[in-house]
Amino acid sequence: NDIGLYLLCAILWGVFYACYAGMYESIVYDTLAEEKQSPALYRKIYGRIQIADSAGLVLGGLVSTFVATRLGLRETYFLSIPFALLAVTALLLFREPQLHKHRRQLLGAQVRETFRAVTRRGYALPVVISLVIKTTVLFMMFEFAQLWLITLNAPTGFFGFAGALLYAAIGFGGWFAQHLHIASRKRMVLFVVCLVVSLCGLVFVKQLFIVVLLQFVVIGTLVALAIALTSVLHDLLPSHIRASAVSATSTFGRALIIP
């Protein structure tokens, strides 16, 4: 019940997220490069990872609901320790791609180069701006999704179902990204229209099930768009700043939520 400890944990979580953002994408892209595979496989492989990630989140959400109703909060946290250790073990066994280590830089120099890369004029800047907007909207969807349910007086039991469906949208986006071709203008127009209509629906629609379905569509399409755009961004940037560039777009997007 200590507010100071809570703030400390929030800071530590922020440090974790800053380190986490961009790592998935860069590891997949660099692994494909080291294995002499086509960068075009990025969306397919990363899409599958998102599907697996989504399945874990959905399963974890459903199981945690069952566990939390039968155990106290303290016991629930202790129960998560073995699973965290399994994740650490898997990480220790993972062979990290070395492509990004071919060029070593001091931290200050890398930060400056990353900032120049994500803000320079040209093809990269529109991609970065799109990723920042995507990050802002996607985080708002996850952070504020329950506000729609509260406003519509959703029953308590419905929250678990809605949360599981939103996590499932990540997997849907991973699957959809494998079929999304941003070079096709017709497909992108259809994609954007679907996204805009869904966002407008969240403003005007008052039916509970339709709202949750629209949230699913918005999150799924944004995840698919993120995979496609990060693929383009990785194509444009050298390996040693890929992770930091994607992390920077995530940070900018998060910062826009504050106002």
Side-chain angles (χ1 to χ4, degrees), residues 21 24-25 39-51 53-55 57-58 118 121-149 151-152 154 161-236 246 249-250 252-257 259:
Y24 263 175
E25 301 93 325
L41 286 173
Y42 171 84
R43 284 183 298 167
K44 181 178 181 180
I45 301 300
Y46 188 60
R48 290 177 178 176
I49 291 176
Q50 290 291 78
I51 293 173
D53 195 8
S54 173
L57 289 170
V58 172
V118 299
R121 294 180 180 274
Y123 192 42
L125 186 58
V127 175
V128 170
I129 293 174
S130 299
L131 280 171
V132 170
I133 295 173
K134 179 277 308 177
T135 300
T136 302
V137 177
L138 188 59
F139 278 133
M140 289 177 66
M141 290 300 302
F142 277 115
E143 297 294 339
F144 305 140
Q146 293 188 352
L147 294 181
W148 275 283
L149 305 183
T151 302
L152 297 175
F161 165 76
L165 191 63
L166 295 188
Y167 287 137
I170 298 175
F172 168 74
W175 171 83
F176 188 33
Q178 302 176 44
H179 307 280
L180 177 63
H181 301 286
I182 58 177
S184 172
R185 180 168 297 181
K186 290 183 179 180
R187 290 191 182 187
M188 286 305 299
V189 169
L190 180 62
F191 176 86
V192 172
V193 168
C194 178
L195 180 59
V196 172
V197 169
S198 299
L199 287 170
C200 291
L202 288 173
V203 176
F204 299 105
V205 173
K206 304 300 181 183
Q207 287 76 22
L208 184 60
F209 284 97
I210 297 179
V211 165
V212 175
L213 181 61
L214 290 173
Q215 290 176 340
F216 177 90
V217 173
V218 171
I219 291 175
T221 51
L222 287 175
V223 169
L225 181 63
I227 295 174
L229 290 176
T230 51
S231 177
V232 174
L233 187 62
H234 286 322
D235 289 340
L236 297 172
V246 176
T249 62
S250 178
F252 293 154
R254 276 274 188 175
L256 289 177
I257 298 178

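Because only heavy atoms are used, hydrogens play no part in the values below, and waters and symmetry mates are left out as well, while side chains stay in. We number each residue from 1, following the sequence as shown.
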| Side-chain contact, heavy-atom cut-off 4.5 Å: I170 with F142? | yes
| said: Taking side-chain hydrogen bond (donor to acceptor under 3.5 Å, both in side chains) as the cut-off, I'd like each qualifying pair that reaches into residues 206-229, sequence neighbours left out, listed once. | reply: none
| query | Do you know which two heavy atoms are closest between V58 and A164, and how far apart they sit? | reply | CG2-O, 3.4 Å
| task | Nearest 0.5 Å please: distance from the CD1 atom of I133 over to the CG atom of L225. | result | 10.0 Å
| Which atom pair, heavy atoms only, marks the closest approach of S198 to V218? | CB-CG2, 3.5 Å
| Who are the side chain to side chain donor-acceptor pair (under 3.5 Å) partners of Y46, not counting sequence neighbours? | none
| request: State the CG-CG distance between L190 and L195, to the nearest 0.5 angstrom. | output: 11.5 Å
| remark: Rounding to 0.5 Å, atoms CG (L202) and CD1 (I210) come to a distance of 11.0 Å
| V193: partners by side-chain contact (heavy atoms from CB on, under 4.5 Å), with sequence neighbours left out | V189, V197
| query | Quick one: CD1 on I219 to CG on L166, what's the gap to the nearest 0.5 Å? | reply | 4.5 Å
| task | With sequence neighbours excluded, tell me which residues meet side-chain contact (heavy atoms from CB on, under 4.5 Å) with S130. | result | L229
| Got a sec, which residues hit side-chain contact (heavy atoms from CB on, under 4.5 Å) with A177, two or more places apart in sequence or on another chain? | A224, I227
| Counting N and O atoms only, with roles assigned by atom type, does the side chain of S54 sit under 3.5 Å from a partner on the main chain of Y167, one being a donor and the other an acceptor? | yes
| task | Quick one: pull up CZ in F139 and NZ in K134 and give me the separation to the nearest 0.5 Å. | result | 7.0 Å
| task | Can you run down the ring-ring contact (aromatic ring centres under 6.0 Å, His included) pairs that involve residues 206-233, sequence neighbours left out, and say none if there aren't any? | result | F158-F209, F172-F216
| field | Separation of E143 CD from L138 CG (nearest 0.5 Å) | value | 10.0 Å
